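Encoded as structure tokens, the structure appears first; notes follow it.
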Amino acid sequence: MEKLVIEGGYRLEGEVSMSGAKNAALPLIAATLLTAGEHILHNVPDLRDTRTILALLEDLGVTWRRAGTSLYIDSAGLCNFEAPYDLVKTMRASILVLGPLLARLGKARVSLPGGCAIGARPIDFHLQGLQKMGARLDLEEGYVQASIDNRLSGTNIYFDIPSVTGTENLLMAATLAEGTTVIKNGAREPEVTNLVDMLVNMGADIEGRNTDRLTVHGVKQLKPAVTETIPDRIETGTYLIAVGAAGGKVTLTNCNPAHLPSLIEKLRGAGLQIEESENTITVSRPGPLQSIDIKTQPYPGFPTDLQAQLMALMSIANGLSVMTETIFENRFMHVAELKRMGADIRINGNSAIVKGIEKFKGARVMATDLRASASLVLAGLAAEGTTEISRIYHLERGYEDMTGKLQKLGAEIKKEKE
Ligand code: EPU
């Protein structure tokens, strides 16, 4: 196992390019299962999670090759319909193959994901939606077994809470269904829109792009397409916050500021200077940090995937910040680790009350999940002394070459064997 060693106190300066979005790439890769032929996906990050879903597709009989950031995926050889426990347990997003497999093959067997570090994370919306579309579902030995006789049937689906992968799964399934499916109160994260665009390029008939109401008129056949993965808004947000924590001035390239409306305004309120163009953002910290309050919400609200990173920043801001987590019930695992570095944080129900301290102090800490790990890196950059972060495999699930990118900006950060 590897650990990260960070010597804090170095300002970040320069320019760094953002990678393609993990949470967009995963459904795009799953969507290639919908029809045979060579699909081309550009700007796909090379991460543990993208490798996991490609390993899963390979298991199903799909072939693929990577050239730079492009993936060439051919699902003509699809011959298996099972997503095994060993892969699903390492990545919950494996559930994204359920809708496409069922739509294309009429059957699918997918291991049920268990709970995870950030909450129980059920998949009942995915299953109820498919059932409403006519699928028979059985639960056997921890697997959900789904089948249909002919095609899925269009129906009305209402999400009690907008689920990102739930919307994506049902959207993919609906493209090949008989008749029209209307998804109400669906997720409208930019990653969902990226998938809508890919499906439309493949010949799907979808109305309501970018809204919480998607209408899908099923078609009999789709065709392969070429799709560009959107830039990773969570990676972008993480680097913006990193400059806030460490100080300095950085330009992020290949990003899309329009996908971060809430974060950018909040960071301005915290005292950062931010200039946006269509696909770059320049950020600097001209003066002291001010506390701000946030509440996580579905898009375009403040993303839960940036809550931990912002908490690291608020820990060293002037004043008191209230951070409320409304999406996942257990997403405060980073609090105990940030406290080991001197943070003053109290949890009250689903809120964290963060009282700014002057400086973090370097310590040995442990990463518990992907975004929690990122918050510890940011705290380490701002800290006095050395921070050692163990279990960094979490970080590698979702951040492409974070160590290299931060080194390029002048951070003292390196990987070492534990
Ligand atoms: N929910 C249910 N039942 C369901 C599905 C969801 O009750 O069947 C609840 C969840 O428990 C949660 C809420 O609905 O309270 C929203 O969860 P959602 O389904 O939107 O989460 P997800 O699709 O499993 C994706 C991202 C997460 C991100 C969330 C929220 C991917 C692959 N994952 O998860 O990303 O936090 O949306 O934005 O897109 C990450 O990248 O670190 C990460 C965890």
Side-chain angles (χ1 to χ4, degrees), residues 19-47 49-51 53-54 56-58 60-79 93-94 96-105 108 151-152 154 164-165 167-178 180-181 183 186-211 214-233 254 256 259 279:
S19 300
K22 164 181 88 81
N23 289 347
L26 297 174
L28 300 186
I29 293 171
T32 65
L33 290 171
L34 285 166
T35 188
E38 189 174 75
H39 300 258
I40 304 175
L41 301 179
H42 295 305
N43 199 31
V44 181
D46 188 10
L47 301 165
D49 275 11
T50 45
R51 286 184 206 165
I53 197 151
L54 287 166
L56 171 54
L57 260 63
E58 226 171 79
L60 300 171
V62 173
T63 55
W64 62 274
R65 68 190 163 87
R66 183 183 262 282
T69 61
S70 300
L71 281 180
Y72 298 79
I73 305 178
D74 192 339
S75 66
L78 180 67
C79 55
S94 310
L96 284 166
V97 302
L98 178 60
L101 282 178
L102 190 59
R104 167 128 169 240
L105 298 177
R151 287 169 73 188
L152 288 160
V164 176
T165 50
T167 305
E168 292 164 347
N169 228 339
L170 299 182
L171 183 61
M172 289 187 279
T175 56
L176 288 175
E178 175 127 41
T180 298
T181 304
I183 300 177
R188 51 189 168 126
E189 268 64 4
E191 293 75 17
V192 177
T193 303
N194 202 180
L195 176 64
V196 168
D197 291 345
M198 170 167 175
L199 295 171
V200 168
N201 286 342
M202 289 169 69
D205 184 352
I206 305 172
E207 295 164 46
R209 177 185 190 275
N210 250 339
T211 73
L214 293 166
T215 303
V216 189
H217 305 287
V219 295
K220 282 209 171 116
Q221 187 67 48
L222 296 167
K223 59 181 194 312
V226 181
T227 308
E228 179 84 19
T229 313
I230 57 170
D232 198 314
R233 66 192 166 102
N254 296 319
N256 187 347
H259 288 164
N279 53 14

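These numbers come from a predicted model, not from an experiment.
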Measuring from atom [atom1] of [X] to atom [atom2] of [Y], what distance do you get when rounded to the nearest 0.5 angstrom?
| X | Y | atom1 | atom2 | result |
| --- | --- | --- | --- | --- |
| Y72 | H42 | OH | NE2 | 5.5 Å |
| I29 | L56 | CD1 | CG | 10.5 Å |
| I183 | R188 | CD1 | CZ | 14.5 Å |
| L222 | L176 | CG | CG | 4.5 Å |
| T229 | L26 | OG1 | CG | 10.0 Å |
| R66 | L54 | CZ | CG | 7.5 Å |

Can you sort out the partners of [X] under side-chain hydrogen bond (donor to acceptor under 3.5 Å, both in side chains), two or more places apart, ordered by chain and number?
| X | value |
| --- | --- |
| E178 | none |
| H217 | T180, E207 |
| T215 | none |

(request) Can you sort out the partners of A173 under side chain to side chain contact (heavy atoms under 4.5 Å, CB included), two or more places apart, ordered by chain and number? (result)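 Expected list: L130, M133, L152.
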(message) Once side chain to side chain contact (heavy atoms under 4.5 Å, CB included) is applied, do any residues pair with P224, and if so which ones, sequence neighbours excluded?
(response)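 Once residues adjacent in sequence are excluded, the partners of P224 under the side chain to side chain contact (heavy atoms under 4.5 Å, CB included) criterion are T35, H39.
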Nearest non-hydrogen partners of [X] and [Y], listed with the distance:
| X | Y | value |
| --- | --- | --- |
| A36 | A76 | CB-CA, 3.6 Å |
| M202 | L34 | CE-CB, 4.1 Å |
| A30 | I53 | CB-CD1, 4.4 Å |
| R151 | G218 | NH2-C, 4.3 Å |
| E168 | L96 | OE1-CD2, 3.7 Å |
| P100 | M172 | CG-SD, 3.6 Å |

(request) Say whether, by atom type as modelled, one donor and one acceptor occur between the side chain of T167 and the main chain of G186 under 3.5 angstrom. (result)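 No; judged by distance alone, with no hydrogens or angles, the pair does not exist.
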(message) Can a donor-acceptor pair be found, under 3.5 Å and without considering hydrogens, that links the side chain of T50 to the backbone of P45?
(response)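 A pair under 3.5 Å: yes.
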(request) Give the intermediate values and the outcome of side chain to side chain contact (heavy atoms under 4.5 Å, CB included) for residues V226 and N201. (result) CA-CA 8 Å; V226 181; N201 286 342; over 6 Å; no
(request) Please examine the side chains of L60 and L101, heavy atoms only from C-beta on, and report whether any two atoms are closer than 4.5 Å. (result)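 Touching, per the 4.5 Å side-chain cut-off.
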(request) Could you tell me whether the side chain of P231 reaches within less than 4.5 Å of the side chain of N254, counting heavy atoms only? (result)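 Answer no - side chains too far apart.
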Compile the donor-acceptor pairs under 3.5 Å between side chains in residues 191-199 and protein atoms, sequence neighbours left out, one pair per line.
{"from": "E191", "atom 1": "OE1", "to": "R233", "atom 2": "NE", "distance (Å)": "3.3"}
{"from": "E191", "atom 1": "OE1", "to": "R233", "atom 2": "NH2", "distance (Å)": "3.0"}
{"from": "E191", "atom 1": "OE2", "to": "R233", "atom 2": "NE", "distance (Å)": "2.8"}
{"from": "T193", "atom 1": "OG1", "to": "N210", "atom 2": "OD1", "distance (Å)": "3.1"}
{"from": "N194", "atom 1": "OD1", "to": "I230", "atom 2": "N", "distance (Å)": "2.9"}
{"from": "N194", "atom 1": "ND2", "to": "E228", "atom 2": "O", "distance (Å)": "3.2"}
{"from": "D197", "atom 1": "OD1", "to": "R209", "atom 2": "NE", "distance (Å)": "2.7"}
{"from": "D197", "atom 1": "OD2", "to": "R209", "atom 2": "NH2", "distance (Å)": "2.8"}

(request) Could you check L41, N43, L71 and say which one makes a side-chain contact (heavy atoms from CB on, under 4.5 Å) with T227? (result)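 Of the listed options, the one satisfying the test is L41.
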